[in-house]
Protein chains: 2
Amino acid sequence: MKMQVPDVERRSPSIPGELLASTLFLLARLGLSVKARVLEEFEQQGFSVYQYSVLAILNEGSSDRQSSIADALGFDRGQLVGILDDLEDRGLIERRRDENDRRRHSVSLTPEGKRQLVKLRKVVMSIEDSVLEPLDERARKSLHGALLTVAAHSDPRFAGLT
Amino acid sequence: MKMQVPDVERRSPSIPGELLASTLFLLARLGLSVKARVLEEFEQQGFSVYQYSVLAILNEGSSDRQSSIADALGFDRGQLVGILDDLEDRGLIERRRDENDRRRHSVSLTPEGKRQLVKLRKVVMSIEDSVLEPLDERARKSLHGALLTVAAHSDPRFAGLT
DNA sequence: TATTGTTATACTCTATAACTATA
DNA sequence: TATAGTTATAGAGTATAACAATA
């Protein structure tokens, strides 16, 4: 149980103005908390965000080699193996050997995988709504544009959208 | 050496549009990359960002107990000990026993600590300039405001500034 | 008994490097 | 010899829990 303490000690500790004034600090902190939040929600659904990312990329890029999936998402290739193993066990993706180069695997979504992607998409959108709640539609668009610009500036993989 | 491959395979892998369209994804990714970038630059200076955060908070809150520092910055208390140990060894901070409650330590900046804070502040600002380069002053202000609003919405510690 | 700071332990990520099978 | 995928190992980072001193 919380002890009663004088006012001056009970005020909740706040982050120093110097850090609040730093966009970099806000980005890093917000990024971490968003990641934690998303991780938690997904775990409750029995999935990981990484799996969602893979499903999303497969939904767009048709079938793909594992190496390009890993490169696009910034995963380690060894890391991706486990993610794909799990998705395959659940019947959400399919690995086929490339007959032209038998070292390669072609990965593709199954119909069940597409269905699951729709469900997970809803989870993401629901969290996004909750996080961005204090911003109106215009502010959200503006924020998104700024983030995209900044991200593309330091990583060409983000430059995808026109 | 890089092997020559057909055009269709050589295009650099890009992040799926579904993820680029998600503000949450951008926040998480940008946050991680910013953190990594800052971590790296600081390491080259022989410091850690955590040390910088502690110096910054001490510069504003006068002398403080370790627990409130940890709470404000979201550090684990045990984690903070090591950070303070190092800062103390370098003569940047001072730990004194609180005579009213001898369990507590009062932590404060030394003059040398203040000087070092100024130096580290420059490092942060230089990185920030580089990250935000593609945004003009107005867009930077807008981005910062949006981030602050969103952060304060889910964590009261960010609500410090008016 | 509860709390402050400290130390020690365990667990999770991630990064690196070996290994196989194909080329 | 080099590459794609796989597996195993090691390191950093973090979270948890035990500990001593004081209240």
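Convention: sequence-line order gives letters A, B, ...; per-chain numbering from 1. The basis for the numbers below is simple: all heavy atoms, side chains too, and nothing from hydrogens, waters or symmetry mates. Predicted model only: the values in this text are computed from it and were never measured.
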Chemist: Does anything in residues 72-80 of chain B come within less than 4.0 Å of DNA chain D? Heavy atoms only, and list the residues if so.
Modeler: Asp76(B), Gln79(B)

Chemist: Output yes when a side-chain donor or acceptor of Glu41(A) lies under 3.5 Å from a complementary backbone atom of Val124(A), and no otherwise.
Modeler: no

Chemist: Strictly below 4.0 Å: does Arg95(B) bring a side-chain N or O up to OP1 or OP2 of dT6(C)?
Modeler: yes

Chemist: Could you work out, with side-chain hydrogen bond (donor to acceptor under 3.5 Å, both in side chains) as the rule, every residue matching Asp98(A), not counting sequence neighbours?
Modeler: none

Chemist: Can you tell me if Ser67(A) touches the phosphate of dT3(D), counting only side-chain N or O atoms and a distance under 4.0 Å to OP1 or OP2?
Modeler: no

Chemist: Tell me which residues in residues 24-40 of chain A put a heavy atom below 4.0 Å from DNA chain D, sorted by number, or none.
Modeler: none

Chemist: Going hydrophobic residue to hydrophobic residue with side-chain gaps under 4.5 angstrom, can you get from Phe25(A) over to Leu32(A)?
Modeler: no

Chemist: Please state how far atom CD1 in Ile83(A) lies from atom P in dT12(C), giving the value in whole angstrom units.
Modeler: 17 Å

Chemist: Hey, are Asp136(A) and Arg138(A) close enough for a salt bridge, meaning a charged N less than 4.0 Å from a carboxylate O?
Modeler: no

Chemist: Can you check whether Val107(B) reaches Asp64(B) side chain to side chain, under 4.5 Å on heavy atoms?
Modeler: no

Chemist: Taking only N and O in the side chain of Arg65(A), is any of them less than 4.0 Å away from OP1 or OP2 of dA4(D)?
Modeler: yes

Chemist: Consider only side-chain heavy atoms of I, L, V, M, F, W and Y, link residues closer than 4.5 Å, and tell whether Phe47(B) and Val81(B) are in one cluster.
Modeler: no

Chemist: Quick one: which of Gln66(B), Arg96(B), Arg95(B), Arg65(B) gives a side chain to side chain donor-acceptor pair (under 3.5 Å) with His105(B)?
Modeler: Gln66(B)

Chemist: Give a yes/no answer on whether the side chain of Arg102(A) brings an N or O atom under 4.0 Å of OP1 or OP2 in dA4(D).
Modeler: no

Chemist: For Ser33(A), give me all partners under side-chain contact (heavy atoms from CB on, under 4.5 Å), at least two apart in sequence or on another chain.
Modeler: Leu30(A)

Chemist: Could you tell me which residues satisfy side-chain hydrogen bond (donor to acceptor under 3.5 Å, both in side chains) with Glu43(B), sequence neighbours excluded, listed by chain and number?
Modeler: none

Chemist: Do Arg103(B) side-chain and dT3(C) base share a donor-acceptor contact under 3.5 Å?
Modeler: yes

Chemist: With sugar-phosphate meaning primed atoms plus P, OP1 and OP2, does Asp98(A) contact a base, only sugar-phosphate, or nothing at under 4.0 Å between heavy atoms?
Modeler: nothing

Chemist: Give the angle between the helix axes at the two ends of the helix from dT1(C)-dA23(D) to dA23(C)-dT1(D), taking five base pairs at each end and rounding to 10°.
Modeler: 20°

